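Okay, so here's the structure we're looking at.
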Amino acid sequence: GEDVEQSLFLSVREGDSSVINCTYTDSSSTYLYWYKQEPGAGLQLLTYIFSNMDMKQDQRLTVLLNKKDKHLSLRIADTQTGDSAIYFCAETFDRGSTLGRLYFGRGTQLTVWP
Amino acid sequence: ETGVTQTPRHLVMGMTNKKSLKCEQHLGHNAMYWYKQSAKKPLELMFVYNFKEQTENNSVPSRFSPECPNSSHLFLHLHTLQPEDSALYLCASSQDRSSGSFNEQFFGPGTRLTVL
(Lines give C-alpha, C1' and ligand atoms only; values in the text may rest on other atoms or scores of the structure.)
Protein backbone atom coordinates (compact mmCIF):
# COMPACT_ATOMS: atom_id res chain seq x y z
CA GLY A 1 0.00 0.00 0.00
CA GLU A 2 0.87 3.65 0.03
CA ASP A 3 0.32 4.48 3.70
CA VAL A 4 2.51 7.27 4.98
CA GLU A 5 2.46 7.87 8.72
CA GLN A 6 3.66 10.84 10.72
CA SER A 7 3.20 12.04 14.26
CA LEU A 8 0.81 14.98 14.33
CA PHE A 9 2.58 17.45 16.64
CA LEU A 10 6.08 18.50 17.63
CA SER A 11 7.10 21.39 19.88
CA VAL A 12 10.67 22.64 20.27
CA ARG A 13 12.44 25.63 21.72
CA GLU A 14 14.04 28.14 19.38
CA GLY A 15 17.67 27.22 18.69
CA ASP A 16 17.15 23.51 19.35
CA SER A 17 17.10 20.86 16.64
CA SER A 18 13.79 19.46 15.41
CA VAL A 19 13.40 15.94 14.12
CA ILE A 20 10.24 15.03 12.24
CA ASN A 21 9.73 11.35 11.51
CA CYS A 22 7.80 9.51 8.85
CA THR A 23 7.21 5.86 8.06
CA TYR A 24 5.92 4.37 4.83
CA THR A 25 4.83 0.93 3.79
CA ASP A 26 5.70 0.50 0.13
CA SER A 27 9.32 -0.43 -0.48
CA SER A 28 9.09 0.44 -4.18
CA SER A 29 8.96 4.17 -3.60
CA THR A 30 11.41 6.05 -5.80
CA TYR A 31 11.49 9.52 -4.29
CA LEU A 32 10.59 10.75 -0.84
CA TYR A 33 9.78 14.37 -0.17
CA TRP A 34 9.29 16.86 2.59
CA TYR A 35 6.78 19.62 1.93
CA LYS A 36 6.16 22.59 4.20
CA GLN A 37 2.83 24.38 4.61
CA GLU A 38 2.81 27.74 6.33
CA PRO A 39 -0.45 29.19 7.67
CA GLY A 40 -2.76 30.34 4.89
CA ALA A 41 -0.52 28.97 2.17
CA GLY A 42 -0.22 25.94 -0.04
CA LEU A 43 2.45 23.29 0.26
CA GLN A 44 5.98 24.07 -0.80
CA LEU A 45 8.68 21.51 -1.57
CA LEU A 46 11.37 21.76 1.09
CA THR A 47 13.66 18.94 0.08
CA TYR A 48 13.59 15.44 -1.36
CA ILE A 49 15.73 12.32 -1.46
CA PHE A 50 16.09 9.63 -4.07
CA SER A 51 15.45 6.17 -2.70
CA ASN A 52 18.98 4.91 -3.34
CA MET A 53 20.45 7.54 -1.03
CA ASP A 54 20.51 7.38 2.72
CA MET A 55 21.27 10.98 3.58
CA LYS A 56 20.94 14.40 2.07
CA GLN A 57 22.00 17.68 3.62
CA ASP A 58 20.87 21.12 2.55
CA GLN A 59 21.93 23.97 4.84
CA ARG A 60 19.97 23.52 8.08
CA LEU A 61 18.06 20.52 6.75
CA THR A 62 19.20 16.91 6.96
CA VAL A 63 17.14 14.11 5.49
CA LEU A 64 17.84 10.56 6.61
CA LEU A 65 16.38 7.54 4.84
CA ASN A 66 16.41 4.03 6.29
CA LYS A 67 15.03 1.84 3.53
CA LYS A 68 15.21 -1.33 5.58
CA ASP A 69 12.91 0.13 8.22
CA LYS A 70 10.99 2.32 5.70
CA HIS A 71 11.72 5.33 7.86
CA LEU A 72 12.36 8.89 6.74
CA SER A 73 13.30 11.79 8.96
CA LEU A 74 13.82 15.52 8.59
CA ARG A 75 16.18 17.26 10.97
CA ILE A 76 16.09 21.03 11.18
CA ALA A 77 19.13 22.47 12.93
CA ASP A 78 18.91 25.71 14.93
CA THR A 79 15.13 25.80 14.61
CA GLN A 80 13.66 29.28 14.29
CA THR A 81 10.15 30.59 14.97
CA GLY A 82 9.79 31.01 11.21
CA ASP A 83 10.07 27.23 10.87
CA SER A 84 6.69 26.84 12.60
CA ALA A 85 4.50 25.15 9.99
CA ILE A 86 3.03 21.82 8.98
CA TYR A 87 5.53 19.42 7.45
CA PHE A 88 4.31 16.72 5.09
CA CYS A 89 6.17 13.59 4.17
CA ALA A 90 5.33 12.24 0.70
CA GLU A 91 6.48 9.53 -1.68
CA THR A 92 6.22 8.66 -5.35
CA PHE A 93 6.49 5.38 -7.25
CA ASP A 94 7.68 4.58 -10.71
CA ARG A 95 4.94 2.30 -11.88
CA GLY A 96 2.13 2.51 -14.38
CA SER A 97 -0.79 4.77 -13.66
CA THR A 98 0.67 5.97 -10.39
CA LEU A 99 3.67 7.49 -12.17
CA GLY A 100 4.54 10.69 -10.40
CA ARG A 101 1.58 10.55 -8.03
CA LEU A 102 2.38 11.91 -4.58
CA TYR A 103 1.18 10.05 -1.51
CA PHE A 104 1.13 12.30 1.51
CA GLY A 105 1.18 11.73 5.24
CA ARG A 106 -1.16 13.69 7.48
CA GLY A 107 1.45 16.29 8.31
CA THR A 108 3.32 17.19 11.49
CA GLN A 109 2.52 20.54 13.07
CA LEU A 110 5.85 21.99 14.26
CA THR A 111 5.58 24.71 16.89
CA VAL A 112 8.73 26.63 17.81
CA TRP A 113 8.71 28.47 21.13
CA PRO A 114 10.90 31.56 21.61
CA GLU B 1 1.35 36.88 -11.24
CA THR B 2 3.75 34.08 -10.63
CA GLY B 3 3.39 30.49 -9.50
CA VAL B 4 -0.03 29.01 -8.90
CA THR B 5 -2.96 31.23 -8.04
CA GLN B 6 -6.40 30.25 -6.80
CA THR B 7 -9.62 32.21 -6.57
CA PRO B 8 -11.57 32.78 -4.50
CA ARG B 9 -9.49 32.36 -1.35
CA HIS B 10 -12.59 31.90 0.78
CA LEU B 11 -16.05 30.70 -0.21
CA VAL B 12 -19.19 30.13 1.81
CA MET B 13 -22.04 28.42 0.03
CA GLY B 14 -25.34 26.77 0.76
CA MET B 15 -26.05 23.19 -0.16
CA THR B 16 -28.19 24.20 -3.13
CA ASN B 17 -25.72 26.68 -4.61
CA LYS B 18 -23.53 26.23 -7.67
CA LYS B 19 -20.08 27.75 -7.53
CA SER B 20 -16.71 27.29 -9.21
CA LEU B 21 -13.14 27.34 -7.97
CA LYS B 22 -10.47 28.59 -10.32
CA CYS B 23 -6.79 27.75 -10.52
CA GLU B 24 -4.21 29.26 -12.81
CA GLN B 25 -0.56 28.38 -13.15
CA HIS B 26 2.10 30.59 -14.71
CA LEU B 27 4.87 28.01 -14.71
CA GLY B 28 4.46 26.44 -18.13
CA HIS B 29 3.48 23.11 -16.60
CA ASN B 30 1.35 20.48 -18.26
CA ALA B 31 -0.05 18.59 -15.29
CA MET B 32 -2.57 20.02 -12.85
CA TYR B 33 -4.16 18.57 -9.74
CA TRP B 34 -7.01 19.16 -7.31
CA TYR B 35 -6.53 18.11 -3.69
CA LYS B 36 -8.84 18.24 -0.71
CA GLN B 37 -7.30 19.05 2.66
CA SER B 38 -9.53 18.50 5.67
CA ALA B 39 -8.70 18.29 9.33
CA LYS B 40 -7.40 14.98 10.64
CA LYS B 41 -7.16 13.38 7.19
CA PRO B 42 -4.28 12.96 4.80
CA LEU B 43 -4.23 15.19 1.77
CA GLU B 44 -6.68 13.62 -0.70
CA LEU B 45 -5.94 13.68 -4.40
CA MET B 46 -9.18 14.32 -6.28
CA PHE B 47 -8.35 14.80 -9.95
CA VAL B 48 -5.32 14.86 -12.21
CA TYR B 49 -5.04 16.40 -15.65
CA ASN B 50 -2.05 15.81 -17.90
CA PHE B 51 -1.88 17.79 -21.13
CA LYS B 52 -5.55 18.78 -20.58
CA GLU B 53 -6.68 15.15 -20.37
CA GLN B 54 -8.11 13.84 -17.15
CA THR B 55 -5.93 10.95 -16.07
CA GLU B 56 -7.22 10.34 -12.56
CA ASN B 57 -10.52 10.62 -10.77
CA ASN B 58 -10.20 9.14 -7.35
CA SER B 59 -13.78 8.13 -6.69
CA VAL B 60 -14.84 11.73 -6.26
CA PRO B 61 -18.62 12.31 -5.99
CA SER B 62 -20.24 13.77 -9.08
CA ARG B 63 -21.15 16.94 -7.20
CA PHE B 64 -17.52 17.90 -7.92
CA SER B 65 -16.91 18.46 -11.62
CA PRO B 66 -13.45 19.44 -12.89
CA GLU B 67 -12.70 21.28 -16.10
CA CYS B 68 -9.34 21.90 -17.72
CA PRO B 69 -9.74 24.10 -20.82
CA ASN B 70 -5.96 24.44 -21.30
CA SER B 71 -2.76 23.55 -19.51
CA SER B 72 -2.75 26.79 -17.54
CA HIS B 73 -6.27 26.75 -16.13
CA LEU B 74 -8.18 24.33 -13.97
CA PHE B 75 -11.66 24.70 -12.57
CA LEU B 76 -13.64 22.79 -9.99
CA HIS B 77 -17.38 23.21 -10.40
CA LEU B 78 -19.39 22.62 -7.25
CA HIS B 79 -23.06 21.68 -7.09
CA THR B 80 -25.31 20.55 -4.21
CA LEU B 81 -22.44 20.06 -1.80
CA GLN B 82 -22.73 18.66 1.69
CA PRO B 83 -21.41 20.18 4.93
CA GLU B 84 -18.75 17.45 5.06
CA ASP B 85 -17.32 18.87 1.84
CA SER B 86 -16.10 21.88 3.82
CA ALA B 87 -12.31 21.86 3.49
CA LEU B 88 -9.33 23.60 1.96
CA TYR B 89 -9.15 22.84 -1.76
CA LEU B 90 -5.66 22.99 -3.12
CA CYS B 91 -4.60 23.18 -6.72
CA ALA B 92 -1.14 22.11 -7.83
CA SER B 93 0.81 21.85 -11.04
CA SER B 94 3.92 20.02 -12.19
CA GLN B 95 5.98 19.64 -15.33
CA ASP B 96 4.02 16.63 -16.56
CA ARG B 97 3.35 13.07 -15.58
CA SER B 98 5.56 11.45 -18.17
CA SER B 99 8.86 13.02 -17.22
CA GLY B 100 9.79 10.36 -14.76
CA SER B 101 8.71 9.59 -11.28
CA PHE B 102 10.25 12.69 -9.70
CA ASN B 103 7.35 15.02 -9.35
CA GLU B 104 7.80 18.43 -7.77
CA GLN B 105 4.36 19.83 -7.46
CA PHE B 106 3.79 23.54 -6.99
CA PHE B 107 0.76 24.39 -4.89
CA GLY B 108 -1.57 27.33 -4.84
CA PRO B 109 -2.68 28.86 -1.51
CA GLY B 110 -6.01 27.05 -1.61
CA THR B 111 -9.67 27.98 -1.39
CA ARG B 112 -11.19 27.64 2.06
CA LEU B 113 -14.70 26.30 1.38
CA THR B 114 -17.48 26.28 3.95
CA VAL B 115 -20.74 24.55 3.09
CA LEU B 116 -23.68 25.56 5.26
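Letters A, B, ... mirror the listed sequences (proteins, then strands); counts begin at 1. Every value quoted in this text rests on a predicted model; they were computed, and no experiment measured them.
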- prompt: Roughly how far, to the nearest 0.5 Å, is CZ of B:F107 from CG of A:L45?
  reply: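 Interatomic distance, A:L45 CG to B:F107 CZ, rounded to 0.5 Å: 9.5 Å.
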Looking at [X], I want to see if its [atom1] is surrounded by more than 12 non-hydrogen atoms of other residues, nucleotides or ligands under 6.0 Å.
X     : atom1 : value
A:Q59 : CD    : no
A:K36 : NZ    : yes
B:E24 : CD    : yes

- prompt: Quick one: do A:L8 and A:L43 end up in the same hydrophobic cluster if we chain Ile, Leu, Val, Met, Phe, Trp and Tyr together by side-chain heavy atoms under 4.5 Å apart?
  reply: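 Different clusters: A:L8 never reaches A:L43 through Ile, Leu, Val, Met, Phe, Trp or Tyr contacts under 4.5 Å.
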message: Please tell me whether B:Y89 and B:V12 are part of a single hydrophobic cluster in this structure, the criterion being side-chain heavy atoms less than 4.5 Å apart.
response: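 No, it is not one cluster - the side chains of B:Y89 and B:V12 are not joined through contacts under 4.5 Å.
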task: For A:I86, enumerate each residue passing the side chain to side chain contact (heavy atoms under 4.5 Å, CB included) test, keeping only those at least two apart in sequence or located in another chain.
output: A:Q37, A:F88, A:Q109
statement: Residues joined to B:F75 in its hydrophobic cluster, side chain to side chain under 4.5 Å directly or through other members, sorted by chain and number, are none
field: chain A-proximal positions within residues 13-21 of chain B [heavy-atom distance under 4.5 Å]
entry: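 Result: none.
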message: Is B:Q6 in contact with chain A via its backbone, its side chain, both, or neither, using a 4.5 Å heavy-atom distance?
response: neither
Would you list the atom pairs, donor with acceptor, under 3.5 Å between side chains in residues 109-116 of chain B and any protein atom, with sequence neighbours excluded?
residue	atom	partner	partner atom	Å
B:T111	OG1	B:P8	O	2.5

query: Are side-chain heavy atoms of B:Y35 and A:L102 found at a separation under 4.5 Å?
result: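 A side-chain contact exists here, since the closest heavy-atom pair is under 4.5 Å.
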task: Give a yes or no on whether the backbone of B:E104 and the side-chain of A:Y48 come within a donor-acceptor separation of less than 3.5 Å.
output: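 Absent.
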Contact summary for A:F104 and B:P42, nearest pair of heavy atoms: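 Smallest heavy-atom distance, with atoms named: O-CB, 3.9 Å.
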